[in-house]
Amino acid sequence: MMIATWNVNSLKVRLPQVLEWLAHYQPDVLCLQETKTEDVNFQLAELTAAGYQCAFSGQKTYNGVAILSKQPLQEISYGIPGCVDTQKRVLAATVNGVRIVNVYVPNGQSVDSDKYQYKLGWLKELTAWLEVELKTYPNLALLGDYNIAPEARDVHDPKAWEGQVLFSEPERAAFQALLNLGLQDSFRLFEQPEKMFSWWDYRMHAFRRNMGLRIDHILLSAALASACKAAHIDKEARKAERPSDHAPVITELNLKV
DNA sequence: ATGGCGCGCGCAGCGCGA
């Protein structure tokens with residue numbers, strides 16, 4: 001079973017790339033973030049024709065998440081239960097007995113902003129919910145754009161980024177709190193090349209200079225981690241014409257689909 | 001990372017992302 005996550009930065013613009021990517025990789029599940037598309041405009045026909053069932057939760061201009069799956073999507077749930085949030089950032093579904101949780105964590109803007117406080121509070125709500133969710137679903141994968149680089153090796157220039165949003169200590173502690181639930185970072189289950197990132201700024205020729213951060217992650221519950229056989233980041237997608245600023249992240253599980 | 005780009009909205013230029 002291959003599962004993947006990709007912040008597409010507008011599904012409308014990136015749909016051709018998503019279709020091409022699906023055709024090439026044939027993942028079982030692809031989680032999308034920043035679709036920036038209201039549900040009424042979601043490109044369901046094109047994705048269905050490509051062989052994928054879709055669950056989606058979007059809004060105009062900002063945010064928006066979707067789960068694409070070859071197998072039926074069951075028990076679809078929207079948002080964090082009991083958490084009032086007008087921003088469409090969370091979508092969960094069960095596929096082939098695996099609980100897929102797709103998140104678009106708030107960016108936080110800067111450490112002295114209200115948005116940063118919203119981000120930390122939001123992560124706390126997410127963690128509390130997942131603690132419960134893991135009891136119901138021992139096979140759980142948390143995929144998405146976390147907007148957190150967990151370690152220095154996930155940052156092209158850790159000195160410059162120290163204390164900055166995406167790499168500040170409280171954000172990294174929030175990431176650690178997710179790991180403390182028993183989740184494991186699938187990317188780090190395997191030996192990886194150095195300086196592997198999932199996001200590069202559009203500016204400053206950041207991609208060409210590999211000035212990136214690893215902020216998109218696939219965390220796995222213990223049961224899934226023990227079935228994990230590969231994990232990688234598809235940098236190739238970032239080389240496309242009109243690319244998203246994020247690259248897809250992929251994990252392969254030893255599970256029958 | 002002082003900004004530089006790309007996106008949505010909407011028709012100019014701004015807010016936002018990361």
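We name chains A, B, ... by the order of the sequence lines, and we start the count at 1 in each one. Keep in mind that this is a model prediction, so the values were computed, not measured.
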State plainly whether the residues [X] and [Y] are in salt-bridge range, i.e. N to O under 4.0 Å.
| X | Y | result |
| --- | --- | --- |
| A:Asp154 | A:Arg188 | yes |
| A:Glu194 | A:Arg153 | no |
| A:Asp201 | A:Arg209 | no |
| A:Glu236 | A:Lys239 | yes |

Legend entry - B:dG6 - base-pair partner by Watson-Crick or wobble geometry, distances under 3.5 Å: B:dC16
So, does [X] get its side chain near the phosphate of [N], meaning an N or O under 4.0 Å from OP1 or OP2?
| X | N | value |
| --- | --- | --- |
| A:Arg203 | B:dC5 | no |
| A:Arg242 | B:dC7 | yes |
| A:Arg14 | B:dC7 | yes |

Inset, instruction - May I ask you to list the residues of residues 113-127 of chain A, by number, that have any heavy atom positioned under 4.0 Å from an atom of DNA chain B? - result: A:Lys115
Legend entry - Candidates A:Leu189, A:Ile218, A:Leu219, A:Leu179 - the one meeting side-chain contact (heavy atoms from CB on, under 4.5 Å) with A:Gln184: A:Leu189
Inset, instruction - Check each of A:Phe197, A:Phe175, A:Phe187 against A:His217 using the ring pair (Phe, Tyr, Trp, His ring centres under 6.0 Å) test, and report the only one that passes. - result: A:Phe175
Say we look at [N] and [M]: how far apart would their [atom1] atoms be, to the nearest angstrom?
| N | M | atom1 | value |
| --- | --- | --- | --- |
| B:dC7 | B:dA12 | C1' | 16 Å |
| B:dG13 | B:dT2 | P | 27 Å |
| B:dG10 | B:dG4 | P | 23 Å |

Mind checking [X] for me? I need base, sugar-phosphate or nothing, with any heavy atom below 4.0 Å counting as a touch.
| X | value |
| --- | --- |
| A:Gln164 | nothing |
| A:Val165 | nothing |
| A:Asn7 | sugar-phosphate |
| A:Tyr104 | sugar-phosphate |
| A:Asn9 | sugar-phosphate |
| A:His205 | nothing |

Provide, to the nearest angstrom, the distance between the [atom1] atom belonging to [X] and the [atom2] atom belonging to [N].
| X | N | atom1 | atom2 | answer |
| --- | --- | --- | --- | --- |
| A:Glu241 | B:dG6 | CD | C1' | 14 Å |
| A:Asn63 | B:dG8 | CG | P | 14 Å |
| A:Met204 | B:dG4 | CE | P | 10 Å |
| A:Leu15 | B:dC7 | CG | C1' | 16 Å |
| A:Trp199 | B:dG17 | CH2 | P | 12 Å |
| A:Arg208 | B:dG4 | CZ | P | 18 Å |
| A:Tyr62 | B:dC14 | OH | P | 14 Å |
| A:His246 | B:dG17 | NE2 | C1' | 8 Å |

Inset, instruction - Can you label the angle between the A:His246 ring and the A:Trp199 ring as parallel, tilted or perpendicular, going by 30° and 60°? - result: tilted
Legend entry - First of A:Ser10 and A:Met211 reached from the 5' end of DNA chain B, by closest nucleotide: A:Met211
Legend entry - Whichever of A:Tyr202 and A:Arg89 has its nearest DNA chain B nucleotide further upstream toward 5': A:Tyr202
Inset, instruction - Please confirm whether A:His232 and A:Phe190 have ring centers closer than 6.0 angstrom. - result: no
